[in-house]
Amino acid sequence: LVPTVMGIKLVYKGAILNNPNDVDVRTMSRSSSPSELLWGPLQFTIFMMWIGTQKFMTLEGSILVAALGIGDGLAPIIGRYYGNLKYRFPMSRQKSIEGSFFGVFLGTV
């Protein structure tokens with residue numbers, strides 16, 4: 001129930017309310033853009049809802065949560081301090097190859 005409410009809240013604040021000064025927008029987006037809530041935070045919420053409903057109390061679910069938490073959490077930090085080679089995918093911000101590599105590597109180890 002709580003992840004569903006959070007998902008609805010993200011859609012409401014990102015697509016309907018569209019206020020860059022909102023507390024949730026300022027804390028969950030890097031650029032203070034409300035539409036950014038519809039990408040990373042919403043995808044994270046949907047993924048966690050799927051794990052919670054389909055993989056609850058399984059080894060696979062635990063591994064997926066740990067991999068996402070470690071990889072997603074450390075990739076921006078490593079990229080910020082050690083990232084020299086930059087790239088950009090459509091509809092995303094500039095990222096570093098080093099941060100992405102270590103995010104995937106640490107998430108799979």
Side-chain angles (χ1 to χ4, degrees):
L1 182 63
V2 173
T4 305
V5 171
M6 188 63 182
I8 292 168
K9 180 180 172 182
L10 289 171
V11 170
Y12 173 72
K13 291 195 175 198
I16 298 169
L17 188 61
N18 209 11
N19 180 6
N21 295 321
D22 185 71
V23 169
D24 290 331
V25 173
R26 289 188 316 206
T27 57
M28 287 190 264
S29 73
R30 297 178 186 149
S31 64
S32 295
S33 172
S35 63
E36 194 174 334
L37 297 180
L38 301 174
W39 296 103
L42 184 60
Q43 290 174 7
F44 188 83
T45 303
I46 291 169
F47 184 73
M48 289 301 177
M49 286 170 46
W50 175 75
I51 289 175
T53 58
Q54 302 298 317
K55 304 293 181 189
F56 183 68
M57 298 290 287
T58 64
L59 179 62
E60 182 182 3
S62 300
I63 291 170
L64 288 169
V65 169
L68 184 64
I70 292 169
D72 210 30
L74 291 178
I77 296 169
I78 292 171
R80 185 178 306 123
Y81 291 110
Y82 302 107
N84 294 323
L85 304 170
K86 306 291 184 184
Y87 71 95
R88 183 183 176 128
F89 283 125
M91 300 196 311
S92 75
R93 296 179 340 133
Q94 189 176 23
K95 300 177 183 290
S96 74
I97 290 176
E98 295 87 352
S100 296
F101 173 77
F102 279 103
V104 170
F105 176 73
L106 292 172
T108 56
V109 170

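The basis for the numbers below is simple: all heavy atoms, side chains too, and nothing from hydrogens, waters or symmetry mates. Model, not experiment: these values are computed from the prediction.
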| remark: When rounded to the nearest 0.5 Å, the distance separating OG of Ser62 from NZ of Lys55 is 12.0 Å
| query | Should Val65 and Met48 count as side-chain neighbours, where that means a heavy-atom distance under 4.5 Å? | reply | yes
| field | Shortest non-hydrogen contact between Glu98 and Gly83, atoms and distance | value | OE1-CA, 3.3 Å
| note | Nearest heavy-atom approach of Lys95 to Ser100 is CB-OG, 4.4 Å
| remark: Of all heavy-atom pairs linking Ser32 and Pro34, the shortest is O-CD, 3.7 Å
| field | Co-membership, hydrophobic cluster, residues Leu74 and Ile63, 4.5 Å side-chain | value | no
| said: As an exercise, state the distance from CZ of Arg88 to CD of Gln94, rounded to the nearest 0.5 Å. | reply: 7.5 Å
| Distance-only polar pair, side chains of Ser96 and Tyr87, donor-acceptor under 3.5 Å | no
| request: Kindly write out the residues that satisfy salt bridge (Lys or Arg N to Asp or Glu O under 4.0 Å) with Lys86, not counting sequence neighbours, or none if the list is empty. | output: none
| How many angstroms lie between CZ in Phe44 and CG in Leu68, if you round to the nearest 0.5 Å? | 5.0 Å
| query | Once you round to the nearest 0.5 Å, how far does NZ of Lys13 lie from CG of Asn19? | reply | 8.5 Å
| Separation of Ile16 CD1 from Ile8 CD1 (nearest 0.5 Å) | 10.5 Å
| message | So which atom in Gly14 and which in Asn18 form the shortest heavy-atom distance, rounded to 0.1 Å? | response | O-OD1, 4.1 Å
| note | What one should report as the nearest heavy-atom pair of Ala75 and Gly99 is CB-O, 3.3 Å
| Reported CZ-to-CD1 distance for the pair Phe105 and Ile78, which is rounded to 0.5 angstrom | 10.0 Å
| task | Indicate, with yes or no, if Ile77 and Leu106 share a hydrophobic cluster defined by side-chain heavy-atom contacts under 4.5 Å among Ile, Leu, Val, Met, Phe, Trp and Tyr. | result | yes
| task | Each residue besides Ile46 in its hydrophobic cluster should be listed here, by chain and number; the cluster joins Ile, Leu, Val, Met, Phe, Trp and Tyr at side-chain heavy-atom distances under 4.5 Å. | result | Met6, Leu10, Val11, Val25, Met28, Leu37, Leu38, Leu42
| Do Met49 and Val2 sit in the same hydrophobic cluster, where Ile, Leu, Val, Met, Phe, Trp and Tyr count as joined when their side-chain heavy atoms come under 4.5 Å apart? | no
| Whether Phe47 and Trp50 hold their rings parallel, tilted or perpendicular, with breakpoints at 30° and 60° | tilted
